[in-house]
*Asks:* 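The structure is given below, and queries will be raised subsequently.
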There are 2 protein chains.
Amino acid sequence: MSPIGKTRPTGRDRLRDSVLAGDLSFLLARANALTLAAANAALAEHGLKARSYSVLALAADDVRPTQRELAEFLRLDPSQVVALVDGLEKRQLVERQTDPADRRANVLVATDAGRALFAQAQESARAVELGLLAAVTPQDHERLAQLLRLLAFPD
Amino acid sequence: MSPIGKTRPTGRDRLRDSVLAGDLSFLLARANALTLAAANAALAEHGLKARSYSVLALAADDVRPTQRELAEFLRLDPSQVVALVDGLEKRQLVERQTDPADRRANVLVATDAGRALFAQAQESARAVELGLLAAVTPQDHERLAQLLRLLAFPD
DNA sequence: ACGAATCGTTGAAAAAGTCAATTATTTGTG
DNA sequence: CACAAATAATTGACTTTTTCAACGATTCGT
């Protein structure tokens, strides 16, 4: 046995072996930062970012979300959703339709152009995701998604 | 069998059953947003946020990180680290020591007060984390951490 | 020894987030 | 029904965070 109980790792692993590196919040933040950067880079060629991609995805999926639902779902302030939708609507990718059931609310619907662009962007997004998950088996991928869902939707 | 192949869920689940909700990037972003908000709220009573907590954690752990290492590890711009360290140093929780091996670099070290505050803050952080993971078994907790590590440290 | 690279710092500019006020509409209650 | 309270979207002001280029000090490679 070594006479020293605990040896400090050297170089690259010094920080990775710290207490902080075991922290779930930290891992989540760092994983998210890397993933977000990769996604934004890939989506840029379609003139999208992760945010606008998310909005477009929901619109193209015929979810018909109101802006308020969007805000809650994406954890944004309603005023940020206004700007996001403005951008997509100006590009004619998406349309505001006043909800007939509640004329205060706007329901978001993708245009044909929006659906077409989303289909393309989705390809890029998928490719990025596969790249990031290169070290993860498909089973673990699904498992990870399940566990994250528990954190993302606590109720 | 129902004559309709696919039924749209109603109410709360409409968005949760969308394609986007299966997206790992999205789940990561939303889980991170909720976790970060909870952490910040809990750390506020110690005058910290997730960022400053992270820096303090590494300093208190005797990792002796340089500011550049901090920036890479926390995925921040070096200039943001300057501001972060300034704040902690003004409160005498942390000290800049010029690295004897490279006098361009500052190594971060926690003061006794910093270690004491960190110990307290760590309690709050742990409590929050447990709260968030109420629906997750300890085994799954560890599994989640492992999988996140793969995303957070791809190399 | 000397040019190129690196570390921390500064400051400016862009982007993102927060918040209160406003209008239009709906909901709940008498 | 009428009317007060609540809710959806929007706007504008304000703060915080992010991003970037430039700079002095120091180190590295040759």
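Note on naming: letters A, B, ... go to the chains in the order of the sequence lines (proteins, then strands), and numbering restarts at 1 for each one. Hydrogens, waters and symmetry mates play no part in the numbers below; they use all other heavy atoms, side chains included.
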*Asks:* Round to the nearest Å and state the distance from Asn106(A) atom CG to dA24(C) atom P.
*Replies:* 14 Å
*Asks:* Is the backbone of Ser18(B) close enough, under 3.5 Å, to the side chain of Asp61(A) for a donor and an acceptor to pair up by distance?
*Replies:*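 Absent.
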*Asks:* With a cut-off of less than 4.0 Å, is there a side-chain N or O of Lys49(B) near OP1 or OP2 of dT16(D)?
*Replies:* no
*Asks:* Whole-Å distance between dT25(C) P and Arg104(A) CZ?
*Replies:* 10 Å
*Asks:* Quick check for you: among dA8(D), dA15(C), dT10(D), whose closest atom lies nearest to any side-chain atom of Asp102(A)?
*Replies:*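 Shortest atom-to-atom distance from the side chain points to dA8(D).
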*Asks:* Arg103(A) side chain N/O closer than 4.0 Å to the phosphate oxygens (OP1, OP2) of dT25(C)?
*Replies:* yes
*Asks:* Could you report the tightest heavy-atom contact between Leu27(B) and Ala152(A), atom names first, then the distance?
*Replies:* O-CB, 4.1 Å
*Asks:* Flag the pair Glu95(A) and Arg115(A) as a salt bridge only when some basic side-chain nitrogen lies within less than 4.0 angstrom of an acidic carboxylate oxygen.
*Replies:*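 No, this pair does not count.
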*Asks:* Between the side chains of Arg149(B) and Asp140(A), is the shortest nitrogen-to-carboxylate-oxygen separation below 4.0 Å, so that they form an ion pair?
*Replies:* no
*Asks:* Please give me every residue in residues 66-100 of chain B whose heavy atoms get under 4.0 Å of an atom in DNA chain D, ordered by residue number.
*Replies:*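 Output list: Asp77(B), Ser79(B), Gln80(B).
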*Asks:* Same cluster or not: are Leu34(B) and Leu151(A) linked, directly or through other Ile, Leu, Val, Met, Phe, Trp or Tyr residues, by side-chain heavy atoms under 4.5 angstrom apart?
*Replies:*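 Different hydrophobic clusters.
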*Asks:* Any link between Val82(A) and Val109(A) through a network of hydrophobic side chains (Ile, Leu, Val, Met, Phe, Trp, Tyr) touching at under 4.5 Å?
*Replies:* no
